[in-house]
There are 2 protein chains.
Amino acid sequence: MDAPHDTGERILDAAAELFAVHGYAGTTTRAIAEAAGVNEVTLFRRFENKVGVLTALGRRIQQQQAGHAAAAAPDSESVRETLLRLARMEIEATMAGGALAIRLAFDAKSVPEVAALLGEGIPNNAAGLAEYLAEHQATGELRDDIDASVMAEAFFGLTSSYVMYRIVMGVAPMPADVSTDDGIAQLFDLFWSGAAPKERV
Amino acid sequence: MDAPHDTGERILDAAAELFAVHGYAGTTTRAIAEAAGVNEVTLFRRFENKVGVLTALGRRIQQQQAGHAAAAAPDSESVRETLLRLARMEIEATMAGGALAIRLAFDAKSVPEVAALLGEGIPNNAAGLAEYLAEHQATGELRDDIDASVMAEAFFGLTSSYVMYRIVMGVAPMPADVSTDDGIAQLFDLFWSGAAPKERV
DNA sequence: GGTGCATGTAAGTGCCTGCTTGCACTCTAC
DNA sequence: GTAGAGTGCAAGCAGGCACTTACATGCACC
């Protein structure tokens with residue numbers, strides 16, 4: 001084939017899409033192979049198991065997650081700007097690969113190996129944000145009567161539920177006359193008004 | 001058996017638990033029957049299909065949901081009180097039966113009938129809240145520069161993600177020294193500070 | 001005491017699943 | 001030009017799956 005080296009990647013891509021829609025148990029190795037344009041035998045030559053595909057995928061996702069959590073604080077911008085940027089990034093990233101991540105989080109319950117992988121990634125992300133928030137609570141840029149981790153959870157709640165509603169459930173509660181960008185901006189504005197110090201509003 | 005009449009209910013109960021953990025595809029009819037203390041044949045006599053069990057379950061959930069969305073507005077309390085009560089109810093209800101609801105929402109994608117059922121329930125809930133919010137935007141009790149449905153989404157985002165983190169992923173990002181009640185209260189406070197009219201803060 | 005109804009038991013059918021084996025092909029590299 | 005790695009293809013196997021059939025059992029009501 002053209003680029004024989006990334007056959008494994010193509011299999012993972014296909015698996016990602018199918019797992020996201022049908023779940024782990026609902027996806028067959030034959031379906032993955034077909035979607036990847038690869039023979040089923042090749043799948044088993046590359047990955048020992050069906051579980052092997054899942055764990056490889058889990059590893060890949062975890063790396064991606066770790067990546068953009070670290071890119072959080074360029075420091076030149078205001079807290080509000082940073083958070084808004086983060087929100088957009090979160091939503092974008094979750095829209096792209098996150099339906100899978102959420103779905104895998106479910107399946108992880110039945111597949112301990114993946115549970116272990118994802119179980120690290122998500123709270124790490126949240127903890128990183130909580131740390132950032134706590135720092136800026138200390139400087140008075142954020143209200144300090146709400147626990148930083150509660151705030152972090154609220155933040156991720158907004159972004160993840162935005163994706164949940166839309167991709168996962170195929171439901172878009174926002175009316176058509178509110179554009180995506182506007183929707184995110186308003187959603188963030190609501191969060192921000194709640195998170196900003198009271199005396200500045 | 002003792003109460004032969006609710007055999008069907010016992011089957012649904014068992015199915016609910018198993019679906020919540022293993023998903024639809026990952027749960028076998030044999031396992032459901034066994035968990036219900038019923039012969040597998042009985043299951044097929046009660047419900048035409050495995051899909052039949054799923055749709056019956058979907059119907060049951062939808063009825064429960066409809067129930068507590070309607071109980072929203074006793075009118076004697078302030079908007080803030082109403083919303084806080086609603087938040088607690090939401091979280092409680094979702095904590096109890098919601099892991100399944102969320103999980104089903106995933107599986108629903110492969111089973112159009114359930115998708116249709118749940119697809120009505122959730123946005124109906126959201127639409128109902130949005131209507132309530134819009135009313136109180138009009139009276140100035142809520143800020144009106146944010147779309148009511150965006151606000152409703154933010155509200156459900158907080159509650160549903162609270163449950164997501166805890167039950168579904170088995171992760172509790174809040175530190176141990178913030179109690180459940182406190183956590184919800186703070187989470188709500190953040191939402192409320194964002195939703196209240198600016199000039200009142 | 002017999003008719004119905006809800007259930008249990010035993011056995012099985014056909015399909016699909018994950019996974020394997022054996023063999024042929026086609027590139028790349030030395 | 002040959003060795004080796006990566007892939008495809010055809011076939012199949014053993015187990016599990018949803019679902020069926022046929023028959024026996026227990027209980028309720030008339």
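Every chain is numbered from 1, with letters handed out A, B, ... down the list of sequences. Not measured: the values here are computed from a predicted model.
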**Report entry** Between C1' of C:dA6 and CG of B:D6, the distance in whole Å
**Finding:** 13 Å
Query raised in the report: Would you say B:N49 reaches D:dA18's phosphate, i.e. side-chain N/O to OP1/OP2 under 4.0 Å?
Result: no
Query raised in the report: Between atom CG in A:L43 and atom P in C:dT20, what is the gap in whole Å?
Result: 11 Å
Query - Residue mapping more 5' on DNA chain D - nearest nucleotide basis, B:K50 or A:R45 - result: A:R45
Report task. Provide, to the nearest angstrom, the distance between the CD1 atom belonging to B:I32 and the P atom belonging to D:dA18. Result -> 8 Å
Report summary line: Among the nucleotides C:dT21, D:dG8, C:dG18, whichever has the atom closest to the side chain of A:T42 is D:dG8
Query raised in the report: Has A:E135 got more than 12 heavy atoms of other residues, nucleotides or ligands less than 6.0 Å from its CD?
Result: yes
Query raised in the report: In terms of heavy-atom contacts, does CD of A:E40 have more than 12 from other residues, nucleotides or ligands at under 6.0 Å?
Result: yes
Query raised in the report: When you measure from the side chain of A:T7, which nucleotide among D:dT21, C:dG18, D:dT7 comes out closest?
Result: D:dT7
Report task. Could you tell me the separation between the CD atom of B:E34 and the C1' atom of C:dG8, rounded to a whole number of Å? Result -> 15 Å
Requested in this report: Can you tell me the distance, in whole Å, between the CZ atom of A:R30 and the P atom of C:dT20?
Outcome: 13 Å
Requested in this report: With A:L12 as reference, evaluate A:V53, A:L54, A:T7 under the side-chain contact (heavy atoms from CB on, under 4.5 Å) test and give the passing residue.
Outcome: A:V53
Query raised in the report: Hey, which of these two, A:E48 or B:V38, hits DNA chain C nearer its 5' end, going by closest nucleotide?
Result: B:V38
Requested in this report: Round to a whole Å and report the spacing from CZ of B:F44 to P of C:dA10.
Outcome: 18 Å
Requested in this report: Take B:N39 and A:T27, find for each the nucleotide of DNA chain C with the closest heavy atom, and name the residue whose nucleotide sits nearer the 5' end.
Outcome: B:N39
Query raised in the report: Between B:R60 and B:E9, does at least one N-O distance fall below 4.0 Å, as a salt bridge requires?
Result: yes
Report task. Rounded to the nearest angstrom, tell me the gap between atom CD1 in A:I11 and atom P in C:dG18. Result -> 14 Å
Requested in this report: Calculate the interatomic distance between A:E40 atom CD and D:dG12 atom P; express it in whole Å.
Outcome: 16 Å
Query raised in the report: What about A:R46: does its side chain form a donor-acceptor pair under 3.5 Å with the base of D:dG6?
Result: no
Query raised in the report: Given side chains that start at C-beta, do those of B:L86 and B:Y132 come closer than 4.5 Å, heavy atoms only?
Result: no
